[in-house]
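Have a look at the structure below, then the notes.
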Amino acid sequence: MISSKEAISLENRYGAHNYHPLPVVLARGEGVYVWDPEGNRYFDFLSAYSAVNQGHCHPKIISALKDQGETLTLTSRAFYNNVLGEYERYLCDMFGFERVLPMNTGAEAVETAIKITRKWGYEKKGIPHGKAKIVVCSNNFHGRTTTIISFSDDAGARNNFGPYTPGFIKVEYNNTDQLNSALQDPDVAGFLVEPIQGEAGVMVPDENYLKDAAALCRENNVLFICDEIQTGIARTGSLLATCGNCTCESACERQPAHYTRPDLLILGKALSGGVYPVSAVLTDSRIMDVIKPGQHGSTFGGNPLACKVAIAALEVVNEEKLAQNARHLGEIFRKEMESLKTECHLFKTIRGKGLLNAIEINDSPESSTAWDLCVALKDNGLLAKPTHGNIIRFAPPLVMTEKQLLECTAIIRKTFLSFSKTG
Ligand SMILES: *Cc1c(COP(=O)(O)O)cnc(C)c1O
């Protein structure tokens, strides 16, 4: 096996420099752990941006991958396959929608939701041709395609990639007054939002924000579109972040008091447990049926390998009660961090829901403090990554035990306290 040093130098020499990774090379993963080529073990507190909620190389998901990999992998949608329908029914039942459009990456699913929303706007709402608008939020992250970065605020993601796709209006996140004004424009077809803004630094909106936003959309005949690519699939302590405080296994249709049901639900990342790129848009027939044969698609979307992997990944979420575990461990994590905060001047705030949490560091976003802390955490056996300069996201796989979590909070405590002394 090549060494960490060789692996890094090969990537630097031959790869595009479109990422700035922490200086660690991963060669193997199992559950909450990853190992470098030299055999050092780490707790993974990023989980590939919440794609690996079920833990690395989950045996049930890998077994589905192997079985289907030896049977049939790709047919294209030119033909039916004998797994897609079963998968679509599974998703519809679990999340409470009538139809699914299967894609591969998160950005593709967001693009799909945008296309469905625009087409619905013209054909159902009667928006004049070419005028449809979609309301989005400041500091959003929805992916990297040319259309999606057109409505990003992140200069790095956006600059020099124009000309930009028109048709998006931006409002402040967690601000229903601004949303309400924007929705008065009769050409608005949809409102696209993250239930918690992950990339922006785990920004948790006010308790009633999503519910109020959904109600405003309904009043104005605007589709309410939730991007749960990062927050969905048990990460925040319920199956979906839009489930509010409910921990039932499928999106709780029976308890609408808890559940803010979007018109379009976008899933990705943990939909496959991080094993294979699988994404989906779920909605009801009255909306989905604007898409007719030939109008949208993907060679790999809905392939039998993806479908089997995703069914296994979702079964794991239910069988291992990952939402309940994320909720329980999240409470312990934030309590431990609140207590560390009182002892450590570097520690500004801790926020989050379930096992999607972030610590804001008491230093400017331009400082290297958060990065240096992540390097120190790595040296102590825990991997996390800064976002926006002075925020560190903590999002371990949801298969973690309470004992492992306490080991991790001890590592974080030790690292922060010794860093405060030396730094
Ligand atoms: C990761 C992410 C995406 C993009 O997913 P890709 O698979 O990287 O294209 C979109 N929206 C949110 C909220 C995400 O976290």
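As the structure lists them, so they are numbered: ligands from 1, and atoms in each ligand from 1.
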Exercise for the section: Check Ser364 against Ser367 and note the closest heavy-atom contact, atom names and distance. Expected result: O-OG, 2.8 Å
Problem - Under 4.0 Å from ligand 1, counting heavy atoms only: the protein residues, by chain and number - result: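 Lining ligand 1 at under 4.0 Å, by heavy atoms, one finds Thr105, Gly106, Ala107, Phe141, His142, Gly143, Glu194, Asp227, Ile229, Gln230, Lys269.
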Practice task
Using the test salt bridge (Lys or Arg N to Asp or Glu O under 4.0 Å), find all partners of Asp206 that sit at least two apart in sequence or belong to another chain.
Solution key: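 Applying salt bridge (Lys or Arg N to Asp or Glu O under 4.0 Å) to Asp206 gives none.
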Problem - Polar contact flag, side-chain donor to acceptor under 3.5 angstrom, Ser47-Asn53 - result: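 Result is no, nothing qualifies.
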Handout entry: Of Arg393, His388, His142, the residue whose pairing with Glu199 passes side-chain hydrogen bond (donor to acceptor under 3.5 Å, both in side chains)
Key = Arg393
Practice task
Determine whether the aromatic ring centres of Trp371 and His20 lie less than 6.0 Å apart.
Solution key: yes
Problem - Phe151/Tyr164 aromatic ring centres below 6.0 Å - result: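 Centroid separation for Phe151 and Tyr164: 6.0 Å or greater.
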